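Structure, as structure tokens:
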Amino acid sequence: MQYNHKEIEENWQKFWADNQTFKATNPAQSSDKGDADKPKYYVLDMFPYPSGAGLHVGHPLGYIASDIYARYKRHKGFNVLHPQGYDSFGLPAEQYAIQTGQHPAKTTEANITTYRKQLDKIGFSFDWSREVRTSDPAYYKWTQWIFIQLFNSWYNKDTDKAEDIATLISIFKKEGNATVNAVADAEIKPFSSEAWKAFSKTEQEAILLQYRLTYLSDTEVNWCPVLGTVLANDEIVNGVSERGGHPVVRKKMTQWSMRISAYAQRLLDGLEKIDWPQPLKDSQTNWIGRSQGAMVSFDVEGGTSKRSTDIKLSYKELEALKELRLNLSKAEGILWDELKNKKGAAKFRKKYTIGSFLVDYVCLSKNTIVEFSGKEDEAARTAFFAKEGFNVLRITNEEVTESVLKVVVKINNALQFPTVVKVEKPIANSKSATYKIDVFTTRPDTIFGVSFMTLAPEHPLVSKIVTGAQKKAVNAYIKATAKRSERERMADVKTISGVFTGAYALHPFTGKKVQIWIGDYVLANYGTGAVMAVPCGDQRDYDFAKYFDIAIPNIFEGIDISEAAHTGKEGTTIANSDFLSGLKYKKALKLAIFEMEKRGFGYGKINYRLRDAVFSRQRYWGEPFPVYYKDGMPQMIDEKHLPIVLPEVEKYLPTEAGEPPLGRATTWAWDSRGKKVVSNEKLKNKTVFPLELNTMPGWAGSSWYFNRYMDATNGGVFASKESLDYWKEVDLYIGGSEHATGHLLYARFWQKFLFDKGIVPVDEFAKKLINQGMILGTSAFVYRATAFVKNGCDIDKSNDDVLAKIPILFVSKNNFSSDAEFETVVKNYLLDKGFLNPNFADLVMITKTPLHADVSLVNSSDELDVEAFKKQPINQDYKKAIFLLKDGKYIVGREVEKMSKSKYNVVNPDDIVEEYGADALRLFEMFLGPLEQAKPWKTSGISGVYSFLKKFWKLYVDENGVAVSDEKATKEELKTLHKTIKKVAEDIENFSFNTSVATFMIAVNELTALKCNKKEVLAPLLVLLSPYAPHITEELWSKLGNKESISTADFPVFDAKHLVESAKKYPISFNGKMRFTIELPLDLSKDEIEAAVLADEKTIAQLAGVAPKKVIIVPGKIVNIVS
RNA sequence: GCUCAAGUGGCGGAAUUGGUAGACGCGCUGGAUUCAAAAUCCAGUUUUUUCGGAAGUGCGGGUUCGAUUCCCGCCUUGAGUACCA
């Protein structure tokens, strides 16, 4: 009986589908399988976008790996959830629709059918009963629902989580917005509770919009005119659109945004507790871009500014303070032990200066001071602290020594119910200055090196401060900058440009005048759009100063800055900086911030690069928003009425008026009374309102699909609580690294939000993530000879004739090794065959042009099927071409490139499955190399795993059918089996699938050599191999008489006793170089080994009479003789 | 520029608490079988060699009895990212 992969695979794929073998059971569902008692394991692949091209062999790589792991976990007794679905909204289907008029839903449906067929052929253990499609209204109903939840939430920095907007409204009603510590729009005006109540409904809504986690605002967006839509930052690569490479410009539009910036710190912190690849974590860290520094406010010269006259704390005083902090009294120490563990919003500091007072403890976020009573100036202190907005709690030494817990309770109460509340004050500054320039800096320690300031040309202050004389130049510069696209500005980093505004700022410490410039090296949308320039410490500032001849004061001790700025910070000592002089970076940084805070013109701040994510797209094929507009204010449609289904349109293009495609829909208005979508004609009615015309971006649906799989068919809720609590999170997530700053960041953001709202039980959705490497194609090249008449030669009629005679010629790779040789070979051939007149030989030059040849025409020895090549329709022109062979073969050149149609190197998995079977494909994809690594595909290699499968089959089956005996296995056979169990289990746990395929090959080679046919060995071996090659193992499993699928058979247990050895072939090395081996019993002592080795004649020969200096013996491992 | 990852036969790759470098497979060479081919089986395949050996994991150094593995410097390739103050 021969191994017939086709028959076997078809049968078992049908069996699995008919029996729903891989359907995962939820705990609530009644189950005859008893799966709910098993521990759960959730294995997920990043679901694919079903493109028209179908799958190539690179796509299933990750799916095969996750499938092996899922199957392994089933053998190990887990209840495994392994679902699959489609990210089916997207641009390609829409663009196809624009070109052909075909509805994207239709194209998508057809593509999904193709994908499903291809996937089914590979034998995945997906639970298809849980399939999701993001474009299915039953699915996007819940995407819309999540959007509404975001709209109805705000981010409370005090509790550090998202809260219902109702809590915010009740605060507004009670005390206005002064006490609210929220992540919100930058420009929010303060108002009292009375003012809030006096606002109209629309005004109130406009204010709330500034706090909501998804909000509508006029934002500068990346507009791509060719695609007719906005793009998110991560959809732009090198200044052009990721899809299609079209130019992108900045444009102001009213857009929905997601307040992801509220989660910047938590997204960063969360990375520590998830097992994701380091490079991916690095790129998320980079993208979030946390930088620690200070906000500093500079006054613009003009008013009658009064400088703060506060006495600054000298370095000595600071040191003394530090001393105080370390030497606490007994009571102080006891209390500090309790307070220091408080984190986050109630974090305490000890011995801190407030104004000119030193307080014992302070919780800055809660504006609460705790100090021991009995200080001389208590009355003055209380008054000052109250003025500054602090709540003071006084305690006594006795209280603490008696019961520190009581004191802590007292403090906690004070924190919860503060009597005085601080008014969030802007940087307090000398009020007389007309304008201030706020800057963010990561190097407040270098503030004495400031010699000028630079504003972004777009900075709103520019027009206000520019002086008469400079107005013309400044305006011209702004105009010139605006004309340049973002891309030009980015590409052109080297050119230094800028204009002096004529205005001066005052250095906050020294009061010295510094020039204010504008320059396009300062970006309007990062930080405050302005920088304090420290030319000696920043290369860009340095270049700018050099170019415009501005002073470059040196504030670094012993550093030469005549050539370049000094950007290092460790080990540098600050000089010429007043109270900072003589300090190292770290201390100077702290002290500078300390002084700024004390004097009120600056404060320590953490800045993030992460911007809020624009959530509107001017496209058709995406989720519609559950939003209508009343009085220009967005209104959410009640969740009862979801989904709001995508309307039909005639054309998928924007309207003539420039509205998104949904602007073409004729039935796209919301009847607020009838609670349904109605015809636009009814918009005249007072209760009918226009619906949102934008759709959601591609990442909306993919930001939560992993939760939906847990309870995919639930019509009542997003997923039931029991299901969410049971499956919790993805245990293993496999997919490409290209989603690092897109999908994987947004999904983490939504998960954290859903967690805050108590909807999901965990705040990170995937415990472990693996990025599979790309499979590259191995392109094949043929080399065409092209003849030219050399430059400088007279071109006359005869030259044309010379070239006309030369035929199209392809030269086999084994004919030449260099371009020169190529030319010689071709010329010799042409001369030989009379295609070239020897008189003109020197006039003609031959060059080599490599052309892609279809890889399917090349065999495993790189030999091209020339006849088939000529027959290909695309090679019409080469029908009569001459192929210059060698040894009767045409050998192609090879090069590794990305798989793509245009390179003719795409391999379709269907063809591989047809010829070698799904099991061979699965084994081969794993055998190619480590999962995470990029590696080239070469179809010829598959013969190795294919013949392995045939050999494997032969262990069980001979000409007459199954030939497995019940005899006891030999020691050798058991050793092979257990060696294999151990290695394979370790490999799967470590995701080292390539090495376990090698292990299987070794096992089969050994068992074949031993002529093993014992069931005792062969039955467990089937289970071991079944995750990798499920079809052949199912077939043999049933042939052995089993009635159930192999998929839940117990994984064989490793028993170390089968691997125990009595002797070891010791490698004997001399000075670390292995020379020969000696077999010795393993139970010898060190001395016995040494004696035996030194007595051996090979050792004596090697030593050649020289006495060994030292003998190193590691029993069971190695012997090393030093001579 | 910065950050990260990786450099091992003709090719994909294996080997890490530092202990026999090149497992396994492809390709190649020779042989068996066959009228022939495919398939299958057997042997060989890092380099060099005076057939005893010797050298060898990108390059240079270091630590060690012993380094593909650890440390320092450099080179190359790949990926990500960038006027981020």
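Predicted model only: the values in this text are computed from it and were never measured. Order of the sequence lines fixes the chain letters, A, B, ..., with proteins taken first and strands second; residue numbering starts at 1 for each chain. Only heavy atoms go into these numbers, but all of them, side chains included; no hydrogens, no water, no symmetry mates.
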Classified by glycosidic angle (syn within 90° of 0, else anti), B:rG58 comes out anti
Among the nucleotides B:rA15, B:rG66, B:rA85, whichever has the atom closest to the side chain of A:T995 is B:rA15
By the Watson-Crick or G-U definition, both distances under 3.5 Å, B:rU17 is matched with none
Using the C1' atom as the reference point in each nucleotide, state the distance between B:rA21 and B:rG13 in Å, no decimals. 13 Å
Answer for the Watson-Crick or wobble partner of B:rC70, both distances under 3.5 Å, is B:rG62
Sorted by position of nearest nucleotide on RNA chain B, 5' first, the leading residue of A:K1110 and A:S737 is A:K1110
Practice task
For B:rG78 and B:rC83, measure between their C1' atoms and round to the nearest Å.
Solution key: 25 Å
For B:rG9, the nucleotide meeting Watson-Crick or G-U wobble distances (both under 3.5 Å) is none
Using atom C1' of each nucleotide, how far apart are B:rC24 and B:rC75 to the nearest Å?
32 Å
Protein and nucleotides 27-29 of chain B: nitrogen or oxygen contacts under 3.5 angstrom:
unit_1, atom_1, unit_2, atom_2, d
B:rC28, OP1, A:S861, OG, 2.5

Could you go through nucleotides 20-22 of chain B and list every protein N or O atom that sits under 3.5 Å from one of its N or O atoms, giving the distance for each pair?
none

Nearest-Å distance once atom C1' is located in both B:rA82 and B:rC4 = 15 Å
From the candidates B:rG66, B:rC84, B:rA39, the one with an atom nearest any side-chain atom of A:N1120 is B:rG66
Does A:Y3 use its side chain to pair, donor to acceptor, with the backbone of A:Y946 at less than 3.5 Å? no
*asked:* Are there over 12 heavy-atom neighbours, none belonging to A:E1079, within less than 6.0 Å of that residue's CD?
replied: yes
- Query: Looking only at side-chain N and O atoms, does A:Q933 come under 4.0 Å of OP1 or OP2 in B:rG13?
  - Reply: yes
Note: for A:K938 and A:I1121 on RNA chain B, the residue whose nearest nucleotide lies more 5' is A:K938
Checklist line | Over 12 foreign heavy atoms within 6.0 Å of NZ, A:K1098 | finding: yes
Among the nucleotides B:rA85, B:rU40, B:rG13, whichever has the atom closest to the side chain of A:T441 is B:rA85
Rounded to the nearest 0.5 Å, the OG1 atom of A:T528 sits from the CG atom of A:D438 at a distance of 6.5 Å
Pairing partner of B:rA23, by Watson-Crick or G-U wobble and under 3.5 Å for both distances, is none
Give a yes or no on whether a salt bridge exists between A:K813 and A:D862, defined as a side-chain N under 4.0 angstrom from a carboxylate O.
no
**Q.** Gap in Å between the two P atoms, one belonging to B:rA43 and one to B:rC26, rounded
**A.** 14 Å
Any chance the side chains of A:K546 and A:Y542 put a donor and an acceptor closer than 3.5 Å?
yes
Inset, instruction - Can you tell me, in whole Å, how much space there is between the P of B:rC65 and that of B:rC11? - result: 36 Å
Students often mix this up, so state it plainly: with edges at 30° and 60°, are the rings of A:Y956 and A:F952 parallel, tilted or perpendicular? tilted
Query raised in the report: Is A:T1099 reaching over with its side chain to a backbone N or O of A:V1093, donor-acceptor style, under 3.5 angstrom?
Result: yes
Classified by glycosidic angle (syn within 90° of 0, else anti), B:rG30 comes out anti
Here the salt bridge (Lys or Arg N to Asp or Glu O under 4.0 Å) pairs for residues 986-999 of chain A, sequence neighbours left out, are A:K982-A:E986, A:K983-A:D987
*Rounded to whole angstrom, note down the C1' distance from B:rC59 over to B:rA6.*
16 Å
When both distances are under 3.5 Å in a Watson-Crick or G-U wobble arrangement, the nucleotide paired with B:rA32 is B:rU40
Could you work out the separation of B:rA5 and B:rG53 based on their C1' atoms and round it to a whole Å?
-> 40 Å
Exam field: side chain A:N905 to backbone A:S900, donor-acceptor pair closer than 3.5 Å
yes
